[in-house]
Structures are given as C-alpha cells and as structure tokens.
Novice: 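Mind having a look at this structure? Questions to follow.
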Amino acid sequence: MISSLILTEDQLRREVEIIGNTGKFVFDMETIPSAPGMDDRGVPARNQALWMGLATKGRTAQIPMGHPIGTKVIGERLDPRTDKNGKVRNFRVPVYERPPEQLDRATVFDIVNPLFADPDIQQGGHGFTFDLATVAKYRGGLIPVGKSVCTIEAHHLTDENRMRYGMKYVTKDLYGYTYDDENVGKTVEKYTLEMVRHYLHCDVKYAWLEWQRCEPLIIEQGLEELWDMECRLTSVLADMRCKGVMIDTKRLDELQIELTALAGERERAVYAAAGKKFNLNSPPQKQAILYKPVSEGGEGLEGWRFTKTGQEKVDLGQTPDHTFYSTDDEALSSYPDNAVARAILDYQETNKVLTTYVIGYKGDPDAKDKPARVFDSIIYPDFVQYAAGTGRFGCREPNLQNVPAPRTTLGKLVRGLFIARPGCILVVADYSQIELVLLAHFIGFGAFWDGFLKGIDPHTMTAAMAMGVDPELLQQQVHGNVLEAKNARNKYGKSINFATVYGAGLKKLASMMGVSYDKARGFKRTYDRNTPEISDYRSEILREARRHSKARTGFPPHTKTLLGRMRRLPMLLAHNEKKRMYAERQAFNHIFQGSSADLTKMAMVRFHERVKEIGKPWHLILTVHDELVVECPEEDAEACCDLLVWAMTGEGIQELVSLPLKVETAIVKNWASAK
DNA sequence: CGCGATCGCGCC
DNA sequence: AAAGGGCGCGATCGCG
C-alpha cells in the first residue's frame with residue numbers, strides 16, 4: 001500500500017480526489033484533550049483532532065494538524081519530577097527536532113469536507129462512532145452523511161463470540177501482525193512524528209482490510225439487511241455521542257456530601273455491631289466475620305449459599321469452610337436477627353450508590369484511574385452497538401444502562417440527576433413486555449398469544465396457567481386489587497416468565513417465587529401442562545440449532561432473531577452437560593433478547609432519520625434495551641412523543657411481529673419521573 | 001505497579 | 001436431578 005505523510009494542501013487535494021473517485025474510504029482520528037490537564041481526549045464533543053488518517057483502495061494517508069515534535073532526537077534535558085515519595089528527581093528526557101510545517105485543522109477540514117458531505121461516498125472506521133462524532137464539531141456539528149461502516153460491527157455480525165475487537169488484537173489474530181506495543185493512540189502527542197505516522201498508517205490500512213474482508217462474509221451469511229440497519233445506526237450513535245445527557249450537578253454535589261456522611265455512619269455501625277474493625281468491602285473478610293465460629297471471633301452464622309468457586313470446590317468433593325459461602329445481598333438478608341449482617345446490608349446500599357454513581361460520575365481527583373465523566377454538566381456515554389453477543393447495546397464510560405431505577409428513594413435521587421436541558425423536556429418510551437410478546441410471536445399460538453390479543457397481562461396469564469385458574473377471572477381480580485391475585489401475578493407469574501426466557505431451574509424458581517421447592521415444582525408442572533407449546537417450541541428451536549454444522553450447512557449450531565441476527569453456539573453439541581445446557585439457555589434466550597434489540601435498534605434508526613427529514617432539534621440521548629429517551633424543546637413534546645411511538649410501533653416495524661407492539665410513554669423534566 | 005480473577009451488584 | 005439470559009464497573013487480592 002502507498003502511504004503518504006500529508007503536509008501540503010496540494011497533497012491533500014490529490015488524496016481527496018482519489019477517494020472521491022473510489023467512492024469509499026476509511027478515516028481515523030487521533031485526538032488530544034481540549035486543554036492541558038483536561039481528561040477528555042476520548043470525548044468527541046470536546047477533544048481536539050491532532051491527526052487524521054485516511055485509507056482507500058491501495059493507499060493510506062496521514063495528516064498531522066499540529067503534532068508537537070519531530071522524529072530525530074537532537075539532545076537530552078533533565079526534567080525535575082516529584083516521585084511518589086515526594087522527592088524531586090531529575091529524569092533524562094530526549095529532546096526532539098522541531099516538527100515540519102503542518103496544515104491547520106481549518107484547512108484540512110475545508111479540503112476533506114466534500115467527502116463527508118457526499119451521501120454517495122461510503123465511509124468507515126474501526127469503532128467508527130468516535131471518529132464520526134469527533135469530526136462533527138469541525139463541520140458545524142454535522143455528522144458526516146455517507147453510509148457509515150463500523151468495521152467492528154461488521155466483524156461482530158460475522159463473529160459475535162469474539163472477545164476482543166480492538167485493532168491490536170484483530171491484526172495479531174487475523175493478519176499475524178503486531179504494530180502497537182506501546183499504545184501510541186492513547187497519547188499520540190508524546191510519540192515521534194514518524195511513530196504516530198506508522199501507527200496511523202496501520203490503523204487505517206487494517207480497518208480498510210477488515211471492511212473488505214467482512215462485507216462479503218456478511219452478504220454470504222445473509223445478513224445484508226441487518227448490516228444495513230446497523231450501518232445507519234452507527235450514524236445515530238454518533239449523534240448521541242455528540243449530544244450527551246445533562247446532569248443536575250448541584251444535586252450531584254449535595255448527594256455526594258449526604259451519602260459520604262451516611263456511608264461513614266453506617267460503616268461505624270458495622271464495626272460497633274461486630275465489635276471490631278475490618279475491611280467491609282472485602283468478601284473474604286466478610287466471610288471470616290460472618291461465618292467463622294464465635295470462638296474464633298466470628299458471628300458463627302451458618303452459611304447456606306456457595307459462591308461460584310465455592311460450589312465448584314464442593315463439586316470436586318472438598319469440605320466447605322467459611323470461605324465457600326456467599327456474602328451477597330440474598331445471603332445476608334436471610335439473617336434478619338443478626339446485627340452485623342443487617343448493618344453490612346445498610347452500609348452496602350449507600351456505599352454502592354456513592355462509589356458507583358456519585359463518585360463514578362464525578363471522578364476522584366486523588367485516584368489515578370477515576371476520571372471525571374461530567375463535563376460542564378454533561379455526561380457523554382458511549383453506547384456500543386457491538387457489545388453483546390445477542391445484539392444488545394453496551395454502554396460505557398459511564399454505563400448509563402444500570403442507573404438505579406426510581407423504585408426506591410435512593411433510586412429516585414440518582415435517576416433524578418438526569419435532567420432535560422433548559423427549555424427542553426425528556427420523552428421516554430419503553431416497549432411493554434417485549435420479550436414475552438416476542439416469545440408468543442415466535443410460537444404463533446397458545447396461552448400467551450390468546451392473552452396478548454385479549455389484553456391479558458402476560459404475568460397474570462402465566463400465574464393463571466400455573467394455578468390452573470381462568471386467566472380472565474384472575475385478571476379481573478388483579479384489576480380489582482384482590483391481594484392474593486396480585487401476589488400470584490407478581491410472585492408466581494413474573495418468576496415463571498423470567499425462568500422461561502432465562503432458563504432458570506426449580507431451585508432458583510422457588511427462591512424467586514418465595515415458596516418451597518415442592519410448591520414451586522407443583523406450580524411449574526401445572527404451568528407446563530397448560531402451556532405445552534412453550535417447551536415444545538424450545539425443543540424444536542434447539543433441535544433446529546443443532547442441525548447446523550460447518551460440514552452440513554456451513555454454519556455452527558446457532559439460533560436467529562427477527563432480523564436474522566445469529567448467535568453461534570458450538571457448545572450446543574458439547575458432551576459436557578453443564579456446558580451444553582448453558583449454551584441451550586443462551587441459544588433460547590438469544591431469540592427474544594436479540595429480537596428485542598433488533599426492534600429497539602430499528603426504532604432508533606427510524607426515529608433519527610425521520611427527525612432529520614422534518615428538520616427538528618430532537619435527539620435520542622439514551623437507550624436502555626427496551627427504553628428510549630429523547631430530548632426535545634418543551635413545546636414539541638407531544639409531537640415528538642408521537643413520532644417516537646411511531647418509530648417503535650408504527651407501520652414498517654409492526655409488520656415484523658404478529659402481535660401488537662405496545663409502548664408506555666412519559667414526558668418528564670427528569671428521568672426519575674418516568675414509570 | 002499494572003493486570004486478571006473473583007465477588008458482588010446496578011440495570012433490562 | 002439440575003439448570004439465571006445480557007451487560008459494565010467497583011473493590012480486593014494475588015501474581016508477575
């Protein structure tokens with residue numbers, strides 16, 4: 001491949017012309033913080049572009065825009081730095097030649113922008129939302145318009161089980177090539193011009209090759225429509241990444257003060273109850289305190305649930321000691337009479353919120369690895385379209401998909417931190433019972449199916465099937481607030497439905513239902529007798545999945561979603577029963593979890609593209625599996641809500657599912673007010 | 001000191 | 001007889 005360092009306008013114009021004629025290119029941005037000492041190089045709305053890398057058929061180009069150092073070492077200087085003991089020491093630091101004259105950002109974007117503005121030119125990159133969002137601020141906030149190919153997504157569609165999709169690992173495993181032992185991309189400005197140039201050349205070269213490798217595979221595997229949807233989604237995610245979510249920073253600060261005090265109080269209460277100090281964030285130390293006999297300074301509690309490794313050791317025939325037992329919430333909750341267990345539970349509730357959400361968002365200036373996630377009252381989460389094997393999103397830095405739900409006081413406080421910008425409002429919509437609707441859809445008849453058509457709630461329906469009573473009667477009782485009926489719905493119905501889509505066993509089911517093992521078994525038997533179509537469907541799906549093999553059909557055993565998204569699970573053929581049954585649960589669950597993700601992703605694309613057509617300032621800001629959150633001007637709330645409902649359930653998406661798709665909506669000032 | 005494993009826990 | 005799907009992240013702890 002031809003590789004060029006671009007230092008003049010003419011050189012850049014030539015590259016742009018070649019790319020324009022090819023109609024397809026890769027670009028990759030290397031960035032630095034918005035200001036010295038600021039930790040936002042990974043935040044596209046704020047960072048600064050330092051390099052742009054380009055690739056197209058047969059060539060790459062690297063464009064520095066103010067790289068601070070050259071390549072040759074011309075001397076050495078002593079740099080006084082304080083080490084961790086507070087001592088000042090002189091470090092020898094190489095001095096580099098001055099860098100060459102480079103193009104400035106404005107000039108580069110002037111010349112490159114026609115590529116970004118041309119809907120007929122396809123563009124791609126590895127983890128592409130970052131690059132799309134990074135360049136947007138140099139073009140008036142506009143995301144480049146052409147088809148956007150994220151090469152990680154492309155790879156993921158054809159190999160969803162791969163653990164690491166980073167370029168470093170991909171080049172090593174697929175191309176047998178290593179080029180970045182030093183993580184140059186993390187701090188490009190510290191490396192020599194030539195090192196960055198080579199790094200960037202490799203990045204765009206292999207992104208281009210990945211694109212060319214994956215595209216035919218995707219077509220061959222019949223995933224073209226899904227691929228088209230995911231490509232359009234990449235642009236949506238870039239927009240979300242630019243936008244971010246507003247946080248009530250005043251409340252966040254107040255919450256930090258309140259929770260720090262409360263956690264401290266509760267920590268002292270634990271020590272008082274235990275009669276000694278220990279590290280109450282350490283599971284091993286909690287085990288020692290709770291499960292060791294009184295004679296050895298413990299509370300002498302009888303453990304009843306093993307940890308994962310504890311269970312494995314028991315399976316190997318070892319005799320349990322205190323280190324085998326779990327100290328999780330459920331285990332501790334079973335000792336309501338023990339003061340230490342109670343005190344630990346109280347402490348953990350506040351400490352979890354304090355460390356994960358409050359400090360997690362604000363960052364800890366004293367800790368190295370705890371950067372702030374709030375910038376001028378905005379959090380910029382990274383929604384990752386290729387995070388889960390089922391097709392669901394992941395969300396990182398920070399994860400806004402595990403914000404406490406507004407069911408508890410603390411949950412309301414945390415979720416209430418997420419607010420609409422001034423003059424704006426949040427439109428929240430979530431699919432009702434989407435996984436169960438999909439289960440009924442795929443089976444195509446039976447109790448669920450009838451229930452959904454008659455408007456019977458699926459948990460009520462399942463409770464009725466488990467107790468052998470008339471579903472419509474039970475539904476009436478639930479609506480009439482009959483206590484036993486509501487309990488049956490919430491405990492029995494919900495639990496069995498969860499157990500169905502997740503594949504939980506009877507032991508788990510009993511504990512979820514809050515009844516004895518025997519009673520749970522009885523309910524499950526009645527349920528299975530009344531809904532044979534469900535277990536029949538499961539067997540059929542797994543049989544179908546196992547029919548596949550590389551030799552027979554070209555695919556490993558797998559299941560598929562509504563849009564044909566594959567989950568390949570070779571372990572469906574494992575002889576090891578544990579592993580095989582795990583794969584069976586994954587395979588079955590994938591159909592509903594993955595189809596739900598298909599619908600949500602598709603709805604996001606529909607909403608975003610329609611908004612662009614009508615030119616409204618409405619933006620998706622959050623996606624939480626079956627829930628979408630949009631921010632819009634207050635006066636647009638109703639219209640925006642209508643459009644969101646259309647995107648999620650209207651013509652063009654409803655046809656995919658043979659039962660009515662339903663959403664619940666809310667128009668709110670802060671996220672805690674929904675639901 | 002960085003890294004991975006483990007445990008635990010927030011969400012859907 | 002037994003079987004909880006999918007994430008990201010915080011804290012601790014042992015290892016190299």
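Reminder, nothing fancy here: chain letters follow the sequence lines and each chain counts from 1.
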Novice: Going by side-chain contact (heavy atoms from CB on, under 4.5 Å), A:Thr350 matches just one of A:Glu258, A:Arg266, A:Glu265. Which one?
Specialist: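 So, applying the side-chain contact (heavy atoms from CB on, under 4.5 Å) to A:Thr350 and each of A:Glu258, A:Arg266, A:Glu265, only A:Arg266 qualifies.
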
Novice: Check whether any side-chain N or O of A:Tyr517 sits under 4.0 Å from OP1 or OP2 of C:dA2, and answer yes or no.
Specialist: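 For C:dA2, OP1 or OP2 has a side-chain N or O of A:Tyr517 closer than 4.0 Å.
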
Novice: Would you mind classifying the nucleic acid contact of A:Val501 as base, sugar-phosphate or nothing, using non-hydrogen atoms under 4.0 angstrom?
Specialist: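 No contact at all - A:Val501 keeps every heavy atom at 4.0 Å or more from the nucleic acid.
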
Novice: Take the protein atom CG of A:Leu290 and the nucleotide atom P of B:dG8, then report the distance between them rounded to whole Å.
Specialist: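 From A:Leu290 CG to B:dG8 P: 11 Å.
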
Novice: Identify whether the distance between the nearest side-chain nitrogen and carboxylate oxygen of A:Glu267 and A:Lys277 falls below 4.0 Å.
Specialist: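 The answer is no: the pair does not qualify as a salt bridge.
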
Novice: Can a cation-pi geometry be assigned to A:Lys601 and A:Phe393, taking NZ or CZ under 6.0 Å from the six-membered ring centre and within 45° of the ring axis?
Specialist: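 Yes, a cation-pi geometry.
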
Novice: Judged by modelled atom types alone, do A:Ser282 and A:Asn279 share a side-chain donor-acceptor pair under 3.5 Å?
Specialist: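 Per modelled atom types, A:Ser282 and A:Asn279 side chains form no pair under 3.5 Å.
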
Novice: Compare the ring of A:Tyr502 with the six-membered ring in the base of C:dG5 and state whether they stack (centres under 5.5 Å, planes under 30°).
Specialist: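 So yes, this residue stacks on that base, both cut-offs being met.
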
Novice: Round to a whole Å and report the spacing from CD1 of A:Ile496 to C1' of C:dA3.
Specialist: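 Taking atom C1' of C:dA3 as the reference, CD1 of A:Ile496 is at 16 Å.
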
Novice: Counting only heavy atoms not in A:Lys362 (residues, nucleotides, ligands), do more than 12 fall under 6.0 Å from its NZ?
Specialist: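 Above 12, so yes.
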
Novice: Please report the shortest heavy-atom distance between A:Ala466 and A:Phe523, naming the atom on each side.
Specialist: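 For A:Ala466 versus A:Phe523, the nearest heavy atoms are O-CD2, 3.3 Å.
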
Novice: Can you check the A:Glu664 CD to B:dC12 P distance for me, whole Å?
Specialist: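 To the nearest whole Å, that distance equals 13 Å.
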
Novice: More than 12 foreign heavy atoms under 6.0 Å from NZ of A:Lys491: is that the case here?
Specialist: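 Not buried by this count: 12 neighbours or fewer within 6.0 Å.
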
Novice: Look at all strands and tell whether A:Lys370 reaches a base, only sugar-phosphate, or nothing, counting heavy atoms closer than 4.0 Å.
Specialist: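 Result for A:Lys370 = sugar-phosphate.
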
Novice: Taking only heavy atoms on the protein side, list every residue of residues 314-336 of chain A lying under 4.0 Å from any atom of DNA chain C, sorted numerically.
Specialist: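 Contacting residues: none.
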
Novice: Using the P atom on both, measure C:dG4 against B:dC7 and round to a whole Å.
Specialist: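 Per the computed distance, 16 Å lies between those P atoms.
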
Novice: Quick one: list whatever passes ring pair (Phe, Tyr, Trp, His ring centres under 6.0 Å) with A:His155, sequence neighbours left out.
Specialist: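 Applying ring pair (Phe, Tyr, Trp, His ring centres under 6.0 Å) to A:His155 gives A:Tyr165.
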
Novice: So what does A:Glu584 hit on the nucleic acid, given a heavy-atom distance under 4.0 Å: a base, only sugar-phosphate, or nothing?
Specialist: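 If one applies the 4.0 Å heavy-atom cut-off, A:Glu584 turns out to touch nothing in the nucleic acid.
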
Novice: Please tell me if A:Asn279 has a side-chain N or O lying less than 4.0 Å from either OP1 or OP2 of C:dT12.
Specialist: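 Result: yes.
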
Novice: Applying side-chain contact (heavy atoms from CB on, under 4.5 Å), name anything that partners A:Leu656, two or more places apart in sequence or on another chain.
Specialist: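 Listed in chain order: A:Leu562, A:Leu563, A:Leu599, A:Met602, A:Ile653.
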
Novice: Could you give the distance separating C:dA3 and B:dG10 at their P atoms, to the nearest angstrom?
Specialist: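 My reading of the P atoms in B:dG10 and C:dA3 gives 23 Å.
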
Novice: Between C:dG4, C:dT12, B:dC12, spot the one nearest the side chain of A:Asn281, thanks.
Specialist: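 In terms of side-chain proximity for A:Asn281, the closest of C:dG4, C:dT12, B:dC12 is C:dT12.
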
Novice: Pick one: which of A:Arg565, A:Arg392, A:Lys560, A:Arg568 meets salt bridge (charged side-chain N to carboxylate O under 4.0 Å, His left out) with A:Glu160?
Specialist: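 By the salt bridge (charged side-chain N to carboxylate O under 4.0 Å, His left out) criterion, A:Glu160 pairs with just one of A:Arg565, A:Arg392, A:Lys560, A:Arg568: A:Arg568.
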
Novice: Is the phosphate of B:dC7 approached by A:Thr307 (side-chain N or O, under 4.0 Å from OP1 or OP2)?
Specialist: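 Affirmative; the distance criterion is met.
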
Novice: Tabulated below should be each protein N or O lying under 3.5 Å from an N or O of nucleotides 14-16 of chain C; please produce it.
Specialist:
none

Novice: Distance check needed: B:dA5 C1' versus A:Lys308 NZ, whole Å only.
Specialist: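 It works out to 10 Å between those atoms.
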
Novice: Atom OH of residue position A:Tyr347 - does it have more than 12 heavy atoms of other residues, nucleotides or ligands inside 6.0 Å?
Specialist: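 Buried by this count: over 12 neighbours within 6.0 Å.
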
Novice: A:Ile359 CD1 to C:dC9 C1': how many Å, rounded?
Specialist: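 My rounded result for the distance is 13 Å.
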
Novice: With heavy atoms under 4.0 Å as the rule, sort A:Leu509 into base, sugar-phosphate or nothing.
Specialist: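 The residue A:Leu509 makes no contact with any strand.
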
Novice: Grab the CZ-C1' distance between A:Phe278 and C:dA11 for me, whole Å please.
Specialist: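 Value for this atom pair: 14 Å.
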
Novice: Nearest-Å distance, CD (A:Glu435) to P (C:dG5)?
Specialist: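 Between P of C:dG5 and CD of A:Glu435: 13 Å.
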
Novice: Mind checking if A:Asp430 touches a base, just sugar-phosphate, or nothing, with heavy atoms under 4.0 Å?
Specialist: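 Nothing, no heavy atom under 4.0 Å.
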
Novice: Of all residues at least two apart in sequence or in a different chain, which pass the side-chain hydrogen bond (donor to acceptor under 3.5 Å, both in side chains) check with A:Asn399?
Specialist: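 In terms of side-chain hydrogen bond (donor to acceptor under 3.5 Å, both in side chains), with neighbours along the sequence ignored, A:Asn399 is linked to no residue.
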
Novice: Which listed nucleotide (C:dG4, C:dA2, C:dC13) is nearest to the side chain of A:Met581?
Specialist: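 Nearest to the side-chain atoms of A:Met581, counting from C-beta on, is C:dA2.
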
Novice: Are A:Asp528 and A:Lys524 within salt-bridge range, i.e. N to O under 4.0 Å?
Specialist: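 Salt bridge present between A:Asp528 and A:Lys524.
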
Novice: By the 4.0 Å heavy-atom rule, please label A:Arg521 as base, sugar-phosphate, or nothing.
Specialist: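 No contact.
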
Novice: Report all interatomic pairs (protein N or O, nucleotide N or O of nucleotides 6-8 of chain C) with separations under 3.5 Å.
Specialist:
| unit_1 | atom_1 | unit_2 | atom_2 | d |
| --- | --- | --- | --- | --- |
| C:dG6 | OP1 | A:Arg567 | NH1 | 3.2 |
| C:dG6 | OP1 | A:Gln586 | NE2 | 2.6 |
| C:dG6 | OP2 | A:Tyr582 | OH | 3.0 |
| C:dG6 | O4' | A:Gln593 | OE1 | 3.1 |
| C:dG6 | O4' | A:Gln593 | NE2 | 2.9 |
| C:dG6 | N3 | A:Arg392 | NH1 | 3.3 |
| C:dC7 | OP1 | A:Gly389 | N | 3.2 |
| C:dG8 | O4' | A:Asn399 | ND2 | 3.0 |
| C:dG8 | O3' | A:Cys395 | O | 3.4 |

Novice: In whole angstrom, give the distance that lies between atom CZ of A:Arg407 and atom C1' of B:dC11.
Specialist: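 That distance rounds to 8 Å.
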
